[in-house]
Number of protein chains: 2
Amino acid sequence: MADAPRSGDEERTAVVRRIPEATVARLPLYLRSLFELAAADVTTVSSERLADLCGVNAAKVRKDLSHLGSYGTRGVGYDVGVLLSQISRELGLTQDWAIAIVGLGNLGHALANYRGFGARGFRIVGLFDADPARVGELVAGIRVRHVDDLPHVAAETPIAIGIIAVPAAVAQQVADRLVEAGVVSILNFAPAIITVPERVSLRKVDLSIELQILSFYSQRRAAKGDATATEATA
Amino acid sequence: MADAPRSGDEERTAVVRRIPEATVARLPLYLRSLFELAAADVTTVSSERLADLCGVNAAKVRKDLSHLGSYGTRGVGYDVGVLLSQISRELGLTQDWAIAIVGLGNLGHALANYRGFGARGFRIVGLFDADPARVGELVAGIRVRHVDDLPHVAAETPIAIGIIAVPAAVAQQVADRLVEAGVVSILNFAPAIITVPERVSLRKVDLSIELQILSFYSQRRAAKGDATATEATA
DNA sequence: GCATGTGAATAGATTCACAGCG
DNA sequence: CGCTGTGAATCTATTCACATGC
C-alpha cells in the first residue's frame, strides 16, 4: 500500500528484525490500548482481549507482537508493562522528537494546540509561517517565526519531524525547505503530492481523500441494498 | 489493510465490478491530478504521466483504471475529461453529500473552514458541540447547535457523513448518536477506537499514530546508516 | 488446560512483461 | 510504433490451525 522501507544492504552482522509495514502501523494502536489497561491497573492481557480493544483480529495481534520478539507467556498472556516498554522502544518513543509546524492557519493552530504531543515522545520546537502578520504571534505558548528563519532555528535545535499545514500550492517548496534544514520525517497535511529525497520519510493526511473514499462506499451501499464497512489510515 | 467491503449476495444480475480497496483509495489522487491537467488545458494523459503526477507506478495506474472499464486509447492515452467524469461518478461525487461536524474545538474549526468541501460533492449542513458556550457561535457562516439537536437537524436534512472532532473520551458516544441519527459514514479524528454497526462506513485520521509511525522509521534510519521512506494514509 | 507463537494456507496488492489495438 | 489492458509472477498481509510450553 505504501512504499516499503528498503534496506541498503541485506547482509548484516546480526538478524535485523524486519517488521512489516502493516505491523508498524498497528503498534501505536496497541500502545494506546495498553496505556488504558495500565491506567486501569490491569497487569496482564491476552491477544484476544487486546484485539478486541483495538478492533483487530487476535491472530494478527499475536503475529504482530511476535515480530518484536517473544514477550508473552503461554497459557497466561502478555504483561502489560513489558509490552508497553517493548513497543515504545520499538517505535522510538523513548527518545523525544523535535517537531516543527509550518503554516499556522486554522489547521496549524489546531495541530499546535493538540494535546498528546508532549504526552509521549514529541515536542514542538518551532512554529513557522510565511505571513508577516502571523509572525510574532504566540500559539500554544510558542512564538511564531518567519519561515525564512527555519535554517537558523534548525541549526540551533535540530528538527526531526516537520509538519506541513500550508496551502497545496506552496507545500512542495515548504517540503524542500524542511529537507534542506535537515528534517528527516515529514507529515503532510496539504492536499498535494510532494516528493522528497529517498532518505526522508513522508506520510500524508488528506481530508478530502478520506471524504471521497467514504463517498465511494456510501454510494456503493446506496446502490446495492447491502452493508459495507471500512477502517482506515493505517 | 482495512476491512474489505463485503457484499451480501455474490450472485447478482449483472457483473458487479469489484473495485479493490487499494484502488478506491487511489482514485481521489488521480482525480486531483486530472483536475490540474484539465485546468492546464491538457486533454490527453498517458498512464506514465499520470503516475508521475501522483507519485505511483504506471502499471498500477493502468490496472486501477482498468477496474473502472476501458476508457483509454491504445497508442494515445486517456482523455482527461472522460477520466474525470468516470472517476467522479465512480466515487459518487456527482451527487453531493451532507456533512456534519461534531466538536468545534481547534480541529473542528479548522475542518469547518476547510476549503475544498464545497468544491466538489461535499456540503456542511450542521455543526454541533456539547459545550453551551460554543452553541450559537457562527463558524464558517454556520451556526453551531447543541449536539442534542442532532436528531432534529438530521430529520430535516439527512446527514450522510459525520465528522467526529471531539475528545477521545466522548468519541464513542458521539458516534452512537450519529448512527442513531441515520449517518452512514463516519470520519473519526478522535484518538480513540470506536465501533459502529456493520452497515456504517468508518475511517479514522489519527495524528499521533502518524507521528509514531514516522518515529519508528526515523529511529530505524538512525540505527542503520540507511534510508527509508514511507507513503501513507490511503 | 490454555494462550502464545508460528508454519502453512489463503487472500490481496503490486509489478512484470507482452499481446493487442489504434 | 506507442500505449493500453491484462494474464502471470511476485510480494505482502491476513487468517487458520495446531504444536509448544508455561
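Chain naming here is simple, since letters A, B, ... match the order of the sequence lines and numbering starts at 1 in each.
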Asp64(B) atom CG is separated from dT15(C) atom P, nearest whole Å, by 11 Å
Is the shortest side-chain N/O distance from Arg49(B) to OP1 or OP2 of dG2(D) below 4.0 Å? no
Protein-nucleotide distance (Glu21(A), atom CD; dT14(C), atom C1'), rounded to Å: 13 Å
What is the distance, rounded to the nearest whole Å, between atom NE2 of His67(A) and atom P of dG5(C)? 12 Å
Atom CD of Gln86(A) and atom C1' of dT4(C): how far apart are they, to the nearest Å? 16 Å
Which whole-number value in Å describes the distance from Arg18(A) CZ to dT12(D) P? 8 Å
Residues 81-95 of chain B, side-chain donor-acceptor partners within the protein, below 3.5 Å, at least two apart:
residue, atom, partner, partner atom, Å
Ser85(B), OG, Val82(B), O, 3.2
Gln86(B), OE1, Tyr71(B), OH, 3.1
Gln86(B), OE1, Arg89(B), NH2, 2.5
Ser88(B), OG, Leu84(B), O, 2.8
Gln95(B), NE2, Gln219(A), OE1, 3.4

Side chain of Pro20(B) (C-beta onward), nearest among dC16(D), dA13(C), dT14(C): dA13(C)
Sequence neighbours excluded and cut-off under 3.5 Å, please list the side-chain donor-acceptor pairs for residues 168-192 of chain A, or say none.
residue, atom, partner, partner atom, Å
Gln172(A), OE1, Thr195(A), N, 2.9
Gln172(A), NE2, Asp176(A), OD1, 2.8
Gln172(A), NE2, Thr195(A), O, 3.0
Arg177(A), NH1, Val147(A), O, 3.4
Arg177(A), NH1, Asp148(A), OD1, 3.1
Arg177(A), NH2, Asp148(A), OD1, 3.2
Ser185(A), OG, Ser218(B), OG, 2.6
Asn188(A), OD1, Ala190(A), N, 2.9
Asn188(A), ND2, Ala190(A), O, 3.3
Asn188(A), ND2, Ala192(A), O, 3.1

For a side chain to side chain contact (heavy atoms under 4.5 Å, CB included) check, start with the C-alpha distance between Leu29(B) and Ile209(A), then their side-chain angles and the critical distance, and finish with the verdict. CA-CA 7 Å; Leu29(B) 222 58; Ile209(A) 286 181; 3.5 Å; yes
N/O donor-acceptor pair under 3.5 Å between Arg203(A) side chain and Leu214(B) backbone: no
Sequence-distant partners of Arg62(A), salt bridge (charged side-chain N to carboxylate O under 4.0 Å, His left out), two or more places apart: none
Nearest to the side chain of Arg62(A), which nucleotide is it out of dG5(D), dA17(D), dA13(D)? dA17(D)
Output the rounded distance in Å from CD (Glu48(A)) to P (dT15(D)). 14 Å
Under 4.0 Å between a side-chain N/O of Ser46(A) and OP1 or OP2 of dA3(C), yes or no? no
Starting from P on dT14(C), measure out to CG on Leu65(B) and report it in whole angstrom. 14 Å
side-chain hydrogen bond (donor to acceptor under 3.5 Å, both in side chains) pairs touching residues 161-170 of chain B, sequence neighbours excluded, are none
When rounded to whole Å, the CD1 to P distance for the pair Ile19(A) and dA13(D) reads 12 Å
Give, ordered by number, those residues of residues 71-81 of chain A having at least one heavy-atom distance below 4.0 Å to an atom of DNA chain D; if nothing qualifies, reply none. Thr73(A), Arg74(A), Gly75(A)
Lys63(B), nearest nucleotide to its side chain (from dA13(D), dT4(C), dT15(C)): dT15(C)
Quick one: side chains of residues 50-59 of chain B, donor-acceptor pairs under 3.5 Å with protein atoms, not counting sequence neighbours, listed by atom name and distance.
residue, atom, partner, partner atom, Å
Asn57(B), OD1, Ala59(B), N, 2.6
Asn57(B), OD1, Lys60(B), N, 3.1

